[in-house]
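Below is one structure; the comments refer to it alone.
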Amino acid sequence: MSSCPHVSPAGILCVADQCHGLRELALNYYLLSDELLLALSSEKHVRLEHLRIDVVSENPGQTHFHAIQKSSWDALIKHSPKVNLVMYFFLYEEEFDPFFCYETPVTHLYFGRSVSKEVLGRVGMTCPRLVELVVCANGLRPLDEELIRIAERCKSLTAIGLGECEVSCSAFVEFVKLCGGRLSQLSIMEEVLIPDQKFNLEQIHWEVSKHLGRVWFPDMMPTW
């Protein structure tokens, strides 16, 4: 349903009302509403297992993104406590205002475009169910405090991937130390890690491996 341009929000709501056995749903964010979440949370529905939401902007400033009420998310989680809520963001930095303003039950979070330090800071404060985080790009402002906050508050985090970002080696070691062996996937480009007074790129391999309980190396950029 996420790729069908002719389905209206009312049509999605009608499907939810009729298909009481619906367990998986994928849709574009503009089709998501408080009414739809409440319909999926009603007693007549089975527990939803997988909800994927694509938040996409083609032209900056031309798309208005509405906010979903916290009470609607709360109703969904109360009804379907084990649901995987997967959100793909392809937004420009100035379009994130409606998101991560209060607790959001997202479990898998993918940022396909550059995302600001401020937004990632809000993720750490508002996404306690987060299991996987992938950040394509951030810019040239180190994400030290943001990563540590995510490690401290997102107790279910098991996978993270960082692309065009910057993190000091010390902050990255602290992040891994806080998460420990529950980090089953740790994909970090070597260029992301910035040596500091405590650790250089050679030392960080041993230190991170120690806290993970397995051998780890940063990803290398192909030379071809």
Side-chain angles (χ1 to χ4, degrees), residues 29 53-61 63-68 70 73 85-180 182-183 185-201 204 207-208 211 218-219 221:
Y29 185 81
I53 301 169
D54 294 337
V55 192
V56 181
S57 173
E58 298 295 341
N59 300 299
T63 304
H64 173 72
F65 292 96
H66 59 285
I68 298 295
K70 182 179 183 298
W73 289 124
L85 175 57
V86 183
M87 299 187 75
Y88 285 83
F89 282 89
F90 294 89
L91 300 184
Y92 297 91
E93 289 190 5
E94 63 271 17
E95 296 177 315
F96 278 96
D97 286 350
F99 303 99
F100 311 113
C101 297
Y102 46 75
E103 190 169 303
T104 305
V106 61
T107 55
H108 298 73
L109 188 53
Y110 305 93
F111 293 105
R113 292 180 183 151
S114 181
V115 59
S116 69
K117 277 173 63 74
E118 289 73 20
V119 170
L120 289 173
R122 299 198 324 245
V123 166
M125 297 296 293
T126 61
C127 301
R129 299 179 75 241
L130 192 64
V131 173
E132 181 177 11
L133 174 65
V134 176
V135 179
C136 176
N138 165 258
L140 300 179
R141 298 175 63 191
L143 299 177
D144 294 7
E145 298 86 356
E146 291 74 21
L147 273 188
I148 290 173
R149 180 181 298 157
I150 288 171
E152 290 174 338
R153 299 180 64 94
C154 304
K155 300 297 186 181
S156 298
L157 188 73
T158 61
I160 188 169
L162 298 178
E164 297 178 14
C165 308
E166 286 191 359
V167 181
S168 73
C169 286
S170 294
F172 184 65
V173 168
E174 181 64 18
F175 168 81
V176 175
K177 182 179 179 180
L178 288 168
C179 293
R182 63 182 164 92
L183 277 177
Q185 296 182 31
L186 186 59
S187 179
I188 312 294
M189 298 300 298
E190 186 178 61
E191 292 77 11
V192 168
L193 301 169
I194 307 302
D196 54 27
Q197 294 180 347
K198 288 187 177 181
F199 300 103
N200 58 35
L201 292 177
I204 200 172
E207 196 68 20
V208 170
H211 294 301
D219 297 335
M221 185 72 72

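Worth knowing before you read on, the calculation uses all heavy atoms, side chains too, and leaves out hydrogens, waters and symmetry mates.
Between the CG atom in Leu130 and the CG atom in Leu157 there is a gap of 5.5 Å [rounded to 0.5 Å]. Atom CG in Leu120 sits 5.5 Å away from atom CZ in Phe111 (nearest 0.5 Å). Rounding to the nearest 0.5 Å gives a distance of 12.0 Å between SG of Cys154 and CZ of Arg129. Summarising the geometry, atom CG belonging to Leu133 is positioned 5.5 Å from atom CG belonging to Leu109; distances are rounded to the nearest 0.5 Å. We find the CD1-CG distance between Ile160 and Leu147 to be 5.0 Å, quoted to the nearest 0.5 Å. With rounding to the nearest 0.5 Å, the separation of CG in Leu193 from CG in Asn200 is 11.0 Å.
With sequence neighbours excluded, the residues satisfying side-chain contact (heavy atoms from CB on, under 4.5 Å) with Ser187 are Asp219. With sequence neighbours excluded, no residue forms a salt bridge (charged side-chain N to carboxylate O under 4.0 Å, His left out) with Glu152. Listed by chain and residue number, Tyr88 satisfy the ring-ring contact (aromatic ring centres under 6.0 Å, His included) test with Tyr110 (two or more places apart in sequence, or in another chain). For Lys155, there are no side-chain contact (heavy atoms from CB on, under 4.5 Å) partners at least two apart in sequence or on another chain. By the ring-ring contact (aromatic ring centres under 6.0 Å, His included) test, Phe100 pairs with Phe89, sequence neighbours left out. Residues forming a side-chain contact (heavy atoms from CB on, under 4.5 Å) with Ser116 (at least two apart in sequence, or on another chain): Glu93, Glu118, Val119. With sequence neighbours excluded, the residues that form a side-chain contact (heavy atoms from CB on, under 4.5 Å) with Pro142 are Asp144, Glu166.
The two residues His66 and Tyr29 make their nearest non-hydrogen contact at O-OH, 2.6 Å. Residue Tyr92 comes nearest to Glu58 through the heavy atom pair OH-O, 3.6 Å, listed as atom of the first residue, atom of the second, then distance. Smallest separation of non-hydrogen atoms from Pro98 and Ala67: O-CB, 4.2 Å. Taking all atoms of both residues into account, the shortest heavy-atom contact from Val56 to Leu91 is C-CD2, 4.0 Å.
Of the possible donor and acceptor atoms, one in the side chain of Thr107 sits under 3.5 Å from a partner among the backbone N and O of Leu85. A donor-acceptor distance shorter than 3.5 angstrom exists from the side chain of Arg153 to the backbone of Gly124, with no hydrogens or angles considered. Remark: side-chain polar atoms of Arg182 are not paired, donor with acceptor, to backbone N or O of Thr158 under 3.5 angstrom.
Residues Lys117 and Leu143 are in side-chain contact: their nearest non-hydrogen atoms beyond the backbone lie under 4.5 Å apart. Side-chain atoms of Ile188 and Val167, non-hydrogen and from C-beta on, never get closer than 4.5 Å to each other.
For the ring pair (Phe, Tyr, Trp, His ring centres under 6.0 Å) condition, no pair includes a residue of residues 119-166, sequence neighbours left out. Residue pairs meeting the ring pair (Phe, Tyr, Trp, His ring centres under 6.0 Å) criterion with at least one member in residues 136-157, sequence neighbours excluded, do not occur. Listed by first then second residue, pairs satisfying ring pair (Phe, Tyr, Trp, His ring centres under 6.0 Å) with a partner in residues 124-155 number zero, not counting sequence neighbours. Residue pairs meeting the ring pair (Phe, Tyr, Trp, His ring centres under 6.0 Å) criterion with at least one partner in residues 118-145, sequence neighbours excluded, are absent.
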For residues 169-179, which side-chain N or O atoms pair as donor and acceptor with protein atoms under 3.5 Å away, sequence neighbours left out?
residue, atom, partner, partner atom, Å
Ser170, OG, Asp196, OD1, 3.0
Ser170, OG, Asp196, OD2, 2.7

Working note: Trp73 + Glu103, criterion side-chain contact (heavy atoms from CB on, under 4.5 Å); need CA distance, chi angles, decisive distance, verdict. CA-CA 9 Å; Trp73 289 124; Glu103 190 169 303; over 6 Å; no
